[in-house]
Amino acid sequence: MAEALLIINVLNAAIGAGMNATVAIGRVSELVKNRHASGGTLTQEDLKQLFDEGDALENAVRAKIDEALKDADTPK
Amino acid sequence: MIHKLSFTKVVLLALLSVALGFGCATTEPPKSFQEQAAYVEAGAQSAIKTIDQNTCYKYQQNGKCVDPVRTLHPAQAKSYLDQIAQARLALKTASSMPASGGSCLGTASTPEACLALASTMLGVVQKILLTTAQKGG
């Protein structure tokens, strides 16, 4: 039973990580392809937009983690 | 137990190999500096999402996570997120650095070397995240 759970956890984590990577990299690939199709390349502005999205994601996850840590420190 | 886990690892490795092969065959390799930086940023964002999906945000009275699939403790998650933040900082520094070079996380560098540093730092965290998932926390 424990083995089955471990295997499910590993597969779940691998699939989850793989899907995250596919979505994120796929989006950049699409952006690059579109820029190439119009005869250009990825601009500094495109990169800045990606960084802004990354900042928003990082801040949101950090806020959730900080909240969980605060809850863990609060005596029940 | 050992045989079963070894078989699982072999299957996982086979699946990863197929996925990597597929990815290499279908993804156009990055050319410009901005494109290389964008792919590293995409990797960083996917690592952040993986941390989010694996972090336990709520524990039961008995100390177990409400969602048993989430095996990452928030303190550990924070540490990994800090490492990714450092890698992203190097990445942003690299992308705005003049071609003649500048400071990358306190060390004199060129844009290419700073980008390589960011990529390496991110790779270290990604490897830890994968290992953590395989160990189940």
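Proteins get letters first, then strands, A, B, ... in listed order; numbering begins at 1 in each.
If you measure heavy-atom distances from B:Ala37 to chain A, the contacts under 4.5 Å come from both the backbone and the side chain. For A:Leu57, the parts lying near chain B are the backbone and the side chain together; criterion is any non-hydrogen pair under 4.5 Å. For a residue to count as touching a neighbouring chain, one of its non-hydrogen atoms must lie under 4.5 Å from one of that chain's; by this rule B:Glu41 touches chain A with the side chain only.
Although no hydrogens or angles enter the test, the distance criterion places a donor-acceptor pair under 3.5 Å between the side chain of A:Asn59 and the main chain of A:Asp55.
Ranking B:Gly43, B:Ala75, B:Ala47, B:Ala38 against chain A, the residue ahead of the rest is B:Ala38, based on heavy-atom pairs under 4.5 Å. Most heavy-atom pairs under 4.5 Å with chain A: of the set B:Arg88, B:Lys58, B:Gln126, this distinction falls to B:Arg88. Comparing B:Asp82, B:Leu81, B:Leu91, B:Thr55 by heavy-atom pairs within less than 4.5 Å of chain A, the highest count is held by B:Leu81.
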With salt bridge (Lys or Arg N to Asp or Glu O under 4.0 Å) as the test, would you mind laying out the steps for A:Glu67 and A:Lys64 before giving the verdict? CA-CA 5 Å; A:Glu67 192 63 30; A:Lys64 284 166 75 177; over 6 Å; no

Residue pair A:Lys48, A:Asp52: steps toward the salt bridge (Lys or Arg N to Asp or Glu O under 4.0 Å) verdict:
CA-CA 6 Å; A:Lys48 189 188 172 301; A:Asp52 287 346; 3.0 Å; yes

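A:Thr41 and B:Gln34 share no side-chain donor-acceptor pair at under 3.5 Å. Between the side chains of B:Asp52 and B:Tyr57, at least one donor N or O sits under 3.5 Å from an acceptor N or O.
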